[in-house]
Amino acid sequence: METWPLLSVVTFTPLLGAVLILVLVRGDKEATDRNARWLALWASLATFVISLLIWINFDTGTSNFQFVEKTAWLKFPGRYTLNYHMGVDGISMMFVLLSTLLTPICILCSWEMKKRVREYMVAFLVLETFMVGTFCALDLVTFYIFFEGVLLPMFLIIGVWGGERRVYSAFKFFLYTLLGSVLMLVAVMAMYFLSKTGGQGTTDIVELLKFARETGFSPEAQRWLWLAFFASFAVKVPMWPVHTWLPDAHVEAPTAGSVILAGVLLKMGGYGLLRFSLPMFPDASVYFTPLVYALSIVAIIYTSLVALAQDDMKKLIAYSSVAHMGYVTLGIFAATSQINGGKLLGEQAVTGAIFQMLSHGIVSAALFLCVGVVYDRLHSRQINRYGGLVNRMPKYAAVFMVFMLASIGLPGTSGFIGEFLVLFGVFQVNVWAAAFATTGIILGATYMLWLYRRVIFGDLLKPDLAMLKDLNPREIAIFTPLIILVLWLGIWPTPFLDVFDASVNNLLTSFKAGACQVNETCFSTR
Amino acid sequence: MDLPNLEYAAPEIFVAIASMVLLMIGVFRGEGSSRPVAWLSMAVLIVAAVITALITPAETKYEFANLFVSSSFTTFLKVGVLLAAAVGIMMSVGYNEREAIDRFEYPVLIVLAALGMMVMVSANDLLSLYVGLELQSLALYVVAAIRRDSLKSSEAGLKYFVLGALASGMLLYGASMVYGFSGSTNFTNLAAFLAEGATPSVGLIVGLVFVIVGLAFKISAVPFHMWTPDVYEGAPTPVTAFFAAAPKLAAMGLFMSVLVGPFGGLAAQWSQVVIVVSVTSMVLGAFAAIAQTNIKRLMAYSSIGHVGYALVGLASGTKDGYSAVLVYMAIYIVMTLGTFAVILAMRRNGSMVEDISDLTGLSKNNPVMAAMMLIFMFSMAGIPPLAGFYAKLYVFLAAVDAGLYFLAVIGMLASVLGAYYYIRIVKLMYFDEPEEALDPHPGRDLGLVQFVAGMATLLFFLVPGVLVGAADKAVFSLASG
């Protein structure tokens with residue numbers, strides 16, 4: 001196993017699949033569509049298997065980056081050194097798995113797609129390469145290329161295969177995200193020159209983390225850099241008030257597009273905050289924590305209320321995503337309080353934030369798939385178009401219920417663990433923040449249960465609903481692994497928690513070390 | 001008296017003689033000779049590029065009483081110019097025949113323009129610079145108006161001529177002021193004069209500003225850009241394609257070698273001008289392009305914006321910055337030629353169409369061409385992993401290194417604005433349903449240009465070192481010579 005550059009393989013296998021589809025798939029429309037579908041499925045399944053291999057060989061005992069590959073990619077003496085540098089630690093490992101799991105599911109759920117199937121499959125495979133690459137990259141420029149490259153296929157997926165207002169949504173998605181990202185690029189360049197110790201600067205993440213731990217950017221520089229990174233990640237997460245692209249993009253994207261958006265793309269924002277903002281700009285993170293708290297709490301309460309008022313199912317779930325991601329940002333920045341007491345207070349909160357991202361990645365993806373099931377049958381997302389589906393679709397009602405309850409955070413499902421850990425962690429740090437955030441759980445229960453009641457329960461009054469068919473074997477095959485995961489994560493989360501435990505610990509330790517480099521009062525009590 | 005060493009001017013001499021021979025062939029063979037002359041011209045340009053590359057001196061060489069310079073820097077620009085001109089001719093052959101403007105003078109004029117550009121980038125004196133610039137400009141005025149019976153084409157030629165003459169006048173006026181206040185027009189002497197450390201006189205700076213104005217006109221930087229949209233729109237499309245590529249590279253190279261070489265001592269003065277010009281070009285290019293409906297006008301504003309980005313590297317005033325300018329221009333030329341190869345292929349019912357909306361639904365009717373256009377548009381918008389992203393990365397890295405944060409931030413924000421009109425084209429091609437299909441692809445030559453440029457843009461990230469290395473070497477010879 002040692003000799004194989006496994007991370008490059010897992011990153012570029014989907015791209016290889018995309019090229020094969022472009023080159024090999026020929027013939028009349030039906031044959032083209034069929035071959036493109038199967039090739040895409042096999043490519044994404046192969047990617048998933050490879051990522052499982054990586055997981056099996058992953059050493060949970062260490063917080064170092066593993067499976068590291070490093071090649072000089074653009075190197076000139078006395079000038080910039082940009083490496084192609086890949087590696088995973090416990091945190092990125094889980095996101096790689098999430099991406100490789102959701103892509104085959106997306107391809108399966110688009111099986112009935114009729115419009116330009118070949119291009120669709122190519123777009124998804126290219127997207128997978130960029131997603132996996134984002135989580136594996138250990139050089140800021142490489143990271144940026146993957147992170148930004150995601151826009152390309154996603155823009156096309158929303159714009160070509162989306163609903164009626166797809167053009168507006170695709171543009172909004174593209175420009176919003178681009179605007180955030182370019183500021184980050186300026187910050188990346190600035191970091192290259194600010195991190196100069198001796199001759200050369202670096203954009204290497206490992207070295208920058210070391211630099212932040214041992215020397216640190218000056219407090220003023222940290223604040224500017226933090227803001228630039230935050231501009232990018234806050235849009236991606238998305239945090240209130242820059243979340244407005246999300247409901248539009250979700251509503252108009254095809255089902256699989258929404259699944260990837262909610263499941264993986266949003267997590268890139270949280271991942272970025274964890275990987276870069278926190279450890280690289282620790283002093284600025286402390287400084288801006290009240291801001292993040294405020295935005296997160298507004299997100300949790302405000303968007304939950306907005307979700308209550310929606311009559312479009314996808315929009316409701318989109319707003320609930322913003323609320324759930326509010327817990328994530330809250331949890332991540334709870335880590336900053338540790339430096340007042342000198343203890344690793346934030347550990348539960350950060351662990352919870354990561355867990356919440358994984359859980360939300362699966363649950364929200366599954367909820368969009370649930371909407372997709374009925375949308376495929378009736379071509380409507382309006383809640384009042386449905387009602388009493390349990391009479392015709394008992395299996396569907398059961399599946400929907402599992403994910404609905406997981407979204408609420410019922411004990412025994414994955415949602416509970418994430419939210420509980422976050423609130424538990426935040427409570428030790430800031431009682432008021434925790435109290436406000438908890439109201440979000442109540443609101444969450446309200447809108448999800450109400451949605452479920454209106455769609456599933458009641459009498460089957462609308463005549464065309466009587467013709468609906470229950471889940472077919474393909475749909476059951478899509479939902480089964482997700483249900484298993486949601487319950488597994490909820491009942492026995494330890495195998496997952498173990499994967500990133502060491503990395504979280506290391507993150508907090510270096511955060512503390514970095515904060516103390518530039519701020520001498522970091523151990524004083526409050 | 002010793003004869004000058006002709007070896008380093010061999011490409012210019014070859015092109016000059018060849019252009020006369022081509023002219024003779026055309027004159028004596030008459031009407032039917034446009035195609036052979038065109039192919040021969042391409043061969044001449046490519047051979048000249050090879051000669052240029054082969055005779056590159058290891059160290060900078062001055063010849064002809066210090067009027068002429070040959071170095072890695074001039075080689076880089078000349079090879080770029082010659083190849084771009086050759087591609088320009090290649091794209092014009094089929095078009096000119098279809099539009100019945102296939103005159104043998106066309107390729108000959110392009111060759112002459114290329115010769116002018118070669119002289120201009122090799123100039124080591126404000127006077128030899130002027131001679132080269134005028135040879136280039138006069139040839140270009142004529143090709144802009146080559147379609148004599150078209151009002152727009154004639155208007156474009158005339159407008160280009162009048163404004164171009166004005167700019168040349170400014171340049172000449174500036175040169176005379178520089179001479180008056182420094183006693184020389186020679187680059188080497190000027191550099192030595194300024195290096196003495198005396199406070200530069202106001203007259204010299206005013207002269208420099210006039211020179212900059214003249215050259216800014218040639219690269220169509222704001223506020224001297226007004227001619228660009230009209231000329232781009234009015235001139236026949238292959239001419240526009242040529243205008244957007246080779247002369248831009250030559251003029252940008254010239255701009256750089258004049259500012260960095262003789263006036264390197266005034267960097268503190270000219271960098272302020274360059275920053276203003278750069279910011280206004282980026283912003284105007286982004287805003288003005290949004291409202292365009294004609295794709296050639298759109299490309300005009302896009303080129304104004306790209307010149308602004310390239311100038312960011314120059315403004316940084318470092319070797320890395322200069323090298324970034326060259327990389328930027330090289331990548332820009334590849335993308336532009338590719339885009340124009342697509343525009344040239346836009347025909348409906350046998351005639352040329354040039355509205356942006358004519359691209360509607362292209363991905364259904366001609367998926368390969370649409371995919372290439374997609375690559376060019378995203379690349380121009382600066383989305384990774386396409387070549388345009390690296391071009392921007394290099395110039396902004398240099399700017400950030402020089403502490404020009406505000407310039408980098410403004411440039412980045414302008415690039416987001418610019419992305420809007422590029423992705424609008426993608427939207428038309430991919431999101432909208434086709435109304436009436438374009439004619440099938442008119443020629444293999446255009447398809448080849450599209451494909452090669454598209455692959456170069458897409459796969460640049462695999463071997464970025466080739467181009468960046470060449471640009472580094474070129475700049476090394478510029479800044480040390």
Side-chain angles (χ1 to χ4, degrees), chain A residues 22 72-80 82 84 116 118-119 122-123 129-130 133 141-152 155-156 158-162 166-168 170-171 174-194 196 201 203 224 228, chain B residues 318-320 323-324 363-364 367-368 370-371 374-375 378-379 381-386 389-390 392-403 405-420 422-424 426-432 461-465 468-469 471-472:
Chain A
L22 278 179
W73 170 50
L74 185 53
K75 192 169 185 161
F76 291 97
R79 278 190 70 193
Y80 322 122
L82 303 180
Y84 171 78
R116 300 205 212 173
R118 192 166 137 222
E119 286 91 337
V122 169
T129 285
F130 285 136
V141 176
T142 324
F143 169 81
Y144 184 83
I145 289 168
F146 284 123
F147 183 80
E148 188 96 327
V150 166
L151 291 183
L152 274 164
F155 175 69
L156 294 175
I158 298 176
V160 178
W161 293 278
R166 61 207 156 96
V167 174
Y168 171 80
F171 272 61
F174 191 92
L175 294 176
Y176 242 102
T177 326
L178 186 64
L179 187 64
S181 315
V182 292
L183 294 175
M184 177 169 80
L185 184 60
V186 177
V188 168
M189 296 179 191
M191 284 165 78
Y192 179 89
F193 297 107
L194 291 175
K196 259 185 191 159
T203 53
W224 285 108
Chain B
T318 58
K319 278 190 188 181
D320 288 350
S323 159
S363 66
K364 284 252 172 72
V368 177
L374 173 90
I375 291 174
F378 276 126
S379 175
I383 308 296
L386 303 168
F389 166 72
Y390 299 95
K392 288 205 169 73
L393 180 70
Y394 287 127
V395 288
F396 286 121
L397 259 176
V400 169
D401 192 17
Y405 288 99
F406 73 98
L407 190 60
V409 171
I410 292 176
M412 284 301 179
L413 295 179
S415 83
V416 176
L417 264 174
Y420 170 74
Y422 293 124
I423 63 172
R424 200 171 52 137
V426 173
K427 171 225 160 205
L428 285 173
M429 294 191 303
Y430 278 84
F431 301 178
D432 294 352
F461 70 92
L462 289 179
V463 277
V468 181
D472 265 1

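Excluded from the calculations below are hydrogen atoms, water molecules and symmetry mates; all remaining heavy atoms, backbone and side chain alike, are included. Note that the coordinates shown come from a computational prediction; the quantities given were computed from them, not determined experimentally. Just so it is clear: chains get the letters A, B, ... in the order the sequence lines come, proteins before strands, and each one is counted from 1.
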Under 4.5 Å from any heavy atom of chain B, what part of [X] do you find: side chain, backbone, both or neither?
{"X": "A:Leu185", "result": "side chain"}
{"X": "A:Ala228", "result": "neither"}
{"X": "A:Phe146", "result": "neither"}
{"X": "A:Phe155", "result": "both"}
{"X": "A:Val141", "result": "side chain"}
{"X": "A:Leu175", "result": "both"}

Would you compute the distance between atom [atom1] of [X] and atom [atom2] of [Y] and round it to the nearest 0.5 angstrom?
{"X": "B:Leu374", "Y": "A:Leu152", "atom1": "CG", "atom2": "CG", "answer": "7.0 Å"}
{"X": "A:Tyr84", "Y": "B:Phe461", "atom1": "OH", "atom2": "CZ", "answer": "10.0 Å"}
{"X": "B:Leu393", "Y": "A:Met189", "atom1": "CG", "atom2": "CE", "answer": "4.5 Å"}
{"X": "A:Ile145", "Y": "B:Ile383", "atom1": "CD1", "atom2": "CD1", "answer": "12.0 Å"}
{"X": "B:Leu397", "Y": "A:Phe193", "atom1": "CG", "atom2": "CZ", "answer": "5.0 Å"}
{"X": "B:Ser363", "Y": "A:Glu119", "atom1": "OG", "atom2": "CD", "answer": "7.5 Å"}

Counting only heavy atoms closer than 4.5 Å, note whether [X] contacts chain A via side chain, backbone, both or neither.
{"X": "B:Tyr420", "answer": "both"}
{"X": "B:Phe396", "answer": "both"}
{"X": "B:Val426", "answer": "side chain"}

Open item on the list: Parallel, tilted or perpendicular, judged at 30° and 60°: which one describes the rings of B:Phe431 and A:Phe171?
Closed with: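 Perpendicular.
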Open item on the list: Is the shortest side-chain heavy-atom distance between B:Tyr430 and A:Arg116 below 4.5 Å?
Closed with: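 Counting from C-beta outward, B:Tyr430 and A:Arg116 do come under 4.5 Å.
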